[in-house]
Amino acid sequence: MSLTRPCTHSETIEKSGWLSKWTNYIKGYRQRWFVLDKRAVLSYYRSQSEVGEACRGSINLHEARVLSDKVTSNIVIAHSTQTFHLKAQNDLDREAWLKALEYARHRANKEADSDNDEDETLGASRGAITLEGAKKALEMKMQQLHTTQSILAKLGKELEHVITSGETMERKVLGERIHMFTVASATVVQAADEIASLSEKEIKKLEKALSSENSQRIQLQDQLETLAKQHSSLERAAAREGASGGTIPSYSYTSDEEEFHDAYEDIYNERETASSVHSGEDEELFSAEIVVADRDALMVSPRVEMKSGRSRRVSIPDRPDHPLNLWSIMKNCIGKELSKIPMPVNFSEPLSVLQRITEDLEYAHLLLDEAARKKDPLEQMCWVAGYAVSSYSTTGNRTTKPFNPLLGETYECDRSEDLGWRSVSEQVSHHPPAAAHHAEGRGWTMYQDFTMTSRFRGKYLSVIPIGHTHVTFPASGNHYTYKKITTTVHNIIVGKLWIDNHGDMEITNHTTGDKCTLKFAQYSYFGRDTPRKVSGFVKDSSGNVKYVMQGTWDDHIDMMKVIKATGKGDKTKVETESPIRVWTVNPPYEGNDRMHHFTRFAIELNEEEEGVAPTDSRLRPDQRLMEKGIWDEANEKKQELEEKQRAKRKVREAEVEEAIQRGEHIEETQPIWFEKTQDEKTGSLIHVFKEEYWKAKKNHDWSKSPNIF
Ligand SMILES: CC(C)CCC[C@@H](C)[C@H]1CC[C@H]2[C@@H]3CC=C4C[C@@H](O)CC[C@]4(C)[C@H]3CC[C@]12C
């Protein structure tokens with residue numbers, strides 16, 4: 001990213017002034033000139049004189065969160081890709097900035113809300129230039145109409161006066177006045193006529209432009225579809241070639257492969273390569289030769305007998321077979337965020353995103369419980385890594401979309417009696433959709449803020465989760481964080497949908513400085529790698545390799561203790577002890593292909609339960625109807641609920657608008673069971689669980705819960 005790229009401001013600047021911006025630990029805070037414009041873009045410059053020229057950076061407040069840090073009194077603006085930490089001159093100044101930022105954010109969100117109606121924005125930008133002239137002409141005509149109308153009114157009054165007051169007026173004068181009246185009224189009619197025909201002409205022009213835009217769009221869609229089909233059959237042919245092996249001379253195979261592979265990576269991975277976490281030194285490790293002492297001596301710990309809890313449901317209704325073309329919906333939404341694509345329940349699974357992130361915990365009672373028992377933090381890291389990988393095990397066959405929770409929706413999962421943990425999550429933001437999640441188990445705590453950005457690029461859709469997952473072990477004080485990797489859904493246009501998880505994950509133990517880098521290999525049609533492969537290394541704080549991790553995200557993961565690491569560059573060699581199996585996936589659940597490919601655990605997630613909060617996902621009516629297979633009603637109900645939420649938001653926006661007009665400070669809507677703060681470990685915005693949830697549950701007191709369903 002170039003630093004001096006010019007930021008163009010819309011003519012109108014909302015607020016500007018000096019703020020100190022946190023740079024880094026060496027340079028600390030730096031004074032910068034900040035400009036907030038009407039589009040809700042906050043940009044900064046070295047000085048006021050650089051405005052419009054050398055912009056040092058900017059952040060779009062739409063989809064960003066503004067927070068005032070309690071400890072440092074900083075203004076924190078957190079966006080998916082960057083965070084600003086700003087200090088104002090004084091309290092007054094700080095308040096003024098906060099107000100302006102909140103207001104700008106509020107307005108930007110409101111605008112974003114209104115352009116959800118796709119048809120409205122269509123072609124408008126291009127039509128604008130030609131419309132300008134017509135608009136001027138229309139305005140002039142209207143002006144003329146108004147002037148004549150006021151003359152008419154004046155004449156009318158005069159004439160009326162003559163008639164009612166009985167005053168006499170010369171016949172000639174009266175005749176003149178009446179004549180004027182006739183002329184003026186004729187002008188009015190003529191002006192109105194002209195306006196009508198002018199508008200008609202413009203409407204025709206617009207209609208023509210619109211229909212040509214439309215047919216162009218349809219043509220493009222067709223072309224895209226054809227291309228996708230061609231690509232897809234090429235891929236299949238290539239895969240067949242690859243499988244038959246040997247038929248192609250190996251030298252030409254290699255070069256072709258590389259070319260194709262590069263091109264493929266280029267189009268589909270721009271973002272990831274840029275954000276690759278591991279350094280050159282790690283590259284060496286990833287290409288190192290790994291010598292495992294005795295692979296066959298693999299140590300698999302016996303399955304722990306679980307305490308049995310209350311009996312739970314073992315099945316859900318079969319998924320009805322109502323085929324619907326995904327592409328017919330998605331083609332209008334290229335470049336759009338997944339949460340903004342209006343999708344019928346036909347593409348959903350009967351779980352909310354809150355339940356889906358709770359599903360991360362499927363193996364927590366094995367992996368995190370075991371991690372908590374480990375004395376050695378490096379060994380503990382391997383089990384935490386196992387946990388991080390295990391949450392991807394369900395993604396392979398699940399190409400359906402979880403329900404986007406409504407603001408204030410919650411989901412609790414209390415498995416203390418059998419699995420030893422309980423968890424609460426809440427949808428805490430609508431713009432962008434974000435969830436806060438907190439779980440505690442035997443000797444561990446896990447919490448995460450889950451947001452995601454997604455990009456639909458025609459053939460595939462990439463989902464990039466944002467926010468950190470934290471795992472802490474109170475006994476030792478070890479605190480781990482990591483970020484989730486990218487999930488890509490392929491074959492949106494033709495073929496069977498399939499899912500890939502890819503990218504690098506870095507797990508940090510903030511207490512010891514140990515790090516684990518896991519590489520989720522991207523699927524390649526020509527790669528010789530095991531599909532869905534995960535490999536990685538655990539290093540201590542001085543950078544020495546201590547463990548090697550190997551496995552696949554849909555099956556198992558092993559850890560291998562390093563005996564010796566030798567060599568450099570290409571010749572790096574790592575010798576390890578025999579592997580220990582950290583995690584093994586549960587066998588597929590009987591009949592799951594009919595039940596949304598759910599695991600047993602996933603089936604249990606949406607089981608009705610007494611005593612949960614009225615905002616609980618289990619109680620969401622459209623989701624329940626969808627689970628029962630009553631999709632038409634579910635779709636209706638879904639629209640109804642979304643409309644209700646929109647109406648609520650409108651009311652709230654109006655209130656905020658009024659408060660701002662009165663010059664009052666507006667508080668952002670606060671979550672119910674979580675509190676928004678800044679995380680000291682990662683510097684990002686997080687939500688801390690307030691523990692009140694379980695108290696409220698005990699007292700059957702849900703007075704704090706809003707009515708959302
Ligand atoms: C109909 C099609 C286009 C939409 C499909 C989108 C699906 C595949 C997306 C939407 C939400 C996504 C999930 C959101 C959250 C998580 C939790 C994380 O710990 C593992 C990945 C996982 C589970 C994602 C996997 C992929 C996902 C399920």
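Both counts, for ligands and for their atoms, begin at 1 and track the order of listing. These values consider heavy atoms only, across backbone and side chains, with no hydrogens, waters or symmetry-generated copies.
- Here the rule is salt bridge (charged side-chain N to carboxylate O under 4.0 Å, His left out) with Arg618, and of Glu627, Glu609, Glu608 only Glu609 fits it.
- Within the structure, no pair that satisfies the salt bridge (Lys or Arg N to Asp or Glu O under 4.0 Å) test touches residues 380-395, not counting sequence neighbours.
- Between the side chains of His596 and Arg319, at least one donor N or O lies within less than 3.5 Å of an accepting N or O.
- Using a 4.0 Å cut-off between charged side-chain N and carboxylate O, Arg624 and Asp622 make no salt bridge.
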Are there any N/O pairs under 3.5 Å between ligand 1 and the protein, and if so, what are their distances?
from	atom 1	to	atom 2	distance (Å)
ligand 1	19 (O)	Asp360	OD1	2.7
ligand 1	19 (O)	Asp360	OD2	3.1
ligand 1	19 (O)	Lys484	NZ	3.0

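- Every residue two or more places apart in sequence or in another chain was checked for a ring pair (Phe, Tyr, Trp, His ring centres under 6.0 Å) with His468, and none qualifies.
- For Asp449, the salt bridge (charged side-chain N to carboxylate O under 4.0 Å, His left out) test picks out no residue, with sequence neighbours left out.
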